[in-house]
Amino acid sequence: MDNNYEKLKVSTPGRLCLFGEHQDYLLLPIIACAISLRISITGRKRNDNIYHIELPNINSNVQFELKENLNYESDRDYFRSVINILQRQGFTFSTGYDCIVDGNIPISAGASSSSALVVTWVNFLSQISDQHKLLSSNDIAKLSHQAEVLEFNEPGGMMDHYCTSFGGLHYIEFHPKLTIQRLPNQLKTFVIGNSCEPKDTKYILSHVKSRVQNISKKIKRQHPKFSLFTVLIKDLDRYIRNLDKEEMSLIRGTIQNRDITREALKLFLQPQFDDKKFGDLLWEHQSILRNILKISTPKIDRLLDAALETGALGGKINGSGGGGCMFAYSPDNPEKVAEAIEKVGGKAYIVNIDEGTRVEQMI
């Protein structure tokens with residue numbers, strides 16, 4: 001039976017990683033929120049099995065004929081990889097679509113534009129499939145992670161897919177099993193600043209991830225019971241005596257970031273939210289990302305300094321680093337903070353927490 005939509009529009013938010021940057025791929029906890037910048041896919045049914053996808057924001061397009069086991073045309077061919085993943089899950093597709101991708105999430109800037117695109121495409125395709133299936137947020141996130149990360153053997157984690165799929169504000173643990181805790185949202189306004197500096201997400205993620213994993217393995221050879229999940233910062237010295245200075249610093253910074261995330265969780269669960277404490281924790285996290293993980297840049301630092309000097313309570317780089325975006329928590333006068341960011345060369349966006357992937361229109 002033909003039950004495809006003639007027209008369907010689905011959208012998904014970007015995200016801010018509030019706490020736990022460079023932690024999810026180590027299976028350490030994170031706190032992240034979806035933001036009111038979104039990407040959408042609008043599709044109209046065709047009379048053949050061709051998918052034609054226009055991407056006006058990057059002056060590009062993709063077209064392919066639907067068949068099993070699509071060959072990839074690029075390193076991150078997400079439009080084809082999602083279809084392959086869904087077909088392996090038993091989805092079938094009897095007709096093609098003309099699609100337009102549009103959005104206002106900064107592209108390749110750390111605000112999860114690629115994961116939001118994949119989540120949107122999974123949501124869209126599952127509903128226009130012959131199975132006409134409305135997937136749960138959890139299933140959308142799992143399938144999106146497979147299509148974006150596992151299918152291409154990428155170094156990233158699962159945070160982006162779960163955050164953009166579920167929306168809102170969440171504390172996510174990945175060990176010993178995946179647990180997603182929706183947090184009460186008492187947060188106010190953020191200002192994102194895009195440095196417009198290009199960044200190599202794949203290299204930065206792989207570089208930091210491999211270093212921390214190698215250090216952890218090195219420690220475990222002498223101390224088999226050592227664990228990034230349980231070691232206390234006060235006990236760390238007895239495990240790291242045989243490391244060089246850089247290794248000591250990196251493993252200490254990883255544990256400190258883990259503990260900042262856990263402290264932030266307690267803050268979110270308090271009946272009365274402390275905006276200033278939240279800002280202080282963001283800045284503490286940024287200090288480790290800048291001084292130990294070394295993923296910030298001079299321009300990102302200037303954007304953050306300008307925001308704090310104008311009244312923001314705290315902020316940090318957003319995403320893998322090496323360029324891209326920062327954000328500042330600005331419950332009061334976000335317009336002034338945005339103006340200050342733009343005066344020192346950033347592109348500013350005033351945002352709030354938003355809901356997850358959703359259908360905008362169906363006919």
> Of the non-hydrogen atoms in A348 and V191, which two are nearest, and what is the gap between them?
Replying inline: CB-CG1, 4.2 Å

>> Using only atom types and a distance under 3.5 Å, with no angle test, would you say the side chain of R211 pairs donor to acceptor with the backbone of L250?
In response: no

>> So for atom CG, which belongs to D244, do other residues, nucleotides or ligands contribute more than 12 heavy atoms lying within a distance under 6.0 Å?
In response: yes

>> According to ring-ring contact (aromatic ring centres under 6.0 Å, His included), who are the partners of F278, at least two apart in sequence or on a separate chain?
In response: F19, F268, F273, Y329

> With no hydrogens and no angle check, do the side chains of E54 and H52 hold a donor and an acceptor under 3.5 Å apart?
Replying inline: yes

> Would D274 and K276 pass as an ion pair if we require N to O under 4.0 Å?
Replying inline: no

>> Any salt bridge linking R302 with D305? Criterion: basic side-chain nitrogen under 4.0 Å from a carboxylate oxygen.
In response: no

> Mind checking what makes side chain to side chain contact (heavy atoms under 4.5 Å, CB included) contact with L150, not counting sequence neighbours?
Replying inline: H145, Q146

> What residue pairs, at least two apart or across chains, pass ring-ring contact (aromatic ring centres under 6.0 Å, His included) with a residue in residues 298-322?
Replying inline: none

>> Looking at F327, is its backbone amide N or carbonyl O close enough to the side chain of N318 to form a donor-acceptor pair, meaning the two atoms are under 3.5 Å apart?
In response: no

> Who passes side chain to side chain contact (heavy atoms under 4.5 Å, CB included) against Q270, sequence neighbours left out?
Replying inline: none

> Do you know which of T164, D354, T357, T12 makes side chain to side chain donor-acceptor pair (under 3.5 Å) with R38?
Replying inline: D354

>> Restricting to side chain to side chain contact (heavy atoms under 4.5 Å, CB included), what partner residues turn up for N138, sequence neighbours left out?
In response: S136, K142, Y162, F166, L178, I180

> Excluding sequence neighbours, so at least two apart, what forms salt bridge (charged side-chain N to carboxylate O under 4.0 Å, His left out) with E284?
Replying inline: none

> What do you reckon, is CZ of R44 surrounded by more than 12 foreign heavy atoms closer than 6.0 Å?
Replying inline: no

>> Please determine whether the number of non-hydrogen atoms from other residues, nucleotides or ligands lying under 6.0 Å from atom NZ of K133 exceeds 12.
In response: no

> Using a distance-only test with no angle check, is there a side-chain donor-acceptor pair under 3.5 angstrom linking S40 and D102?
Replying inline: no

> If Ile, Leu, Val, Met, Phe, Trp and Tyr residues are connected whenever their side-chain heavy atoms lie under 4.5 Å apart, and connections chain through other members, are I260 and I233 in the same group?
Replying inline: yes

> Is there any ring-ring contact (aromatic ring centres under 6.0 Å, His included) pair reaching into residues 332-361, and which pairs are they, with sequence neighbours excluded?
Replying inline: none

> Any luck finding a side-chain donor-acceptor pair between E360 and S11 under 3.5 Å?
Replying inline: yes

> Which residues satisfy the ring-ring contact (aromatic ring centres under 6.0 Å, His included) test with F93, sequence neighbours excluded?
Replying inline: none

>> Taking the ring centre of each residue, are Y78 and W121 less than 6.0 Å apart?
In response: no

> Quick one: side-chain hydrogen bond (donor to acceptor under 3.5 Å, both in side chains) partners of T92, sequence neighbours excluded?
Replying inline: D130, Q131

> Looking at residues at least two apart in the chain, or sitting in another chain, which of them share a ring-ring contact (aromatic ring centres under 6.0 Å, His included) with F91?
Replying inline: none

> Quick one: do the Q181 and H170 side chains pair a donor with an acceptor below 3.5 Å?
Replying inline: no

> Mind checking whether Y5 and H132 have ring centres under 6.0 Å apart?
Replying inline: yes

>> Assess, by modelled atom type and distance only, whether the side chains of E21 and N257 contain a donor and an acceptor separated by less than 3.5 Å.
In response: no

> Would the number of heavy atoms belonging to other residues, nucleotides or ligands and lying under 6.0 Å from CG of D237 be above 12?
Replying inline: yes

> With sequence neighbours excluded, what pairs up with N84 under the side chain to side chain contact (heavy atoms under 4.5 Å, CB included) test?
Replying inline: L70, Y72, Q87, R88

I'd like a table of donor-acceptor pairs (distance under 3.5 Å, sequence neighbours excluded) in which one partner is a side-chain atom from residues 22-29, with atom names and distances.
from : atom 1 : to   : atom 2 : distance (Å)
H22  : ND1    : Y25  : OH     : 2.7
H22  : NE2    : S320 : O      : 2.8
Q23  : OE1    : R258 : N      : 3.2
D24  : OD2    : M158 : N      : 3.1
D24  : OD2    : M159 : N      : 3.1

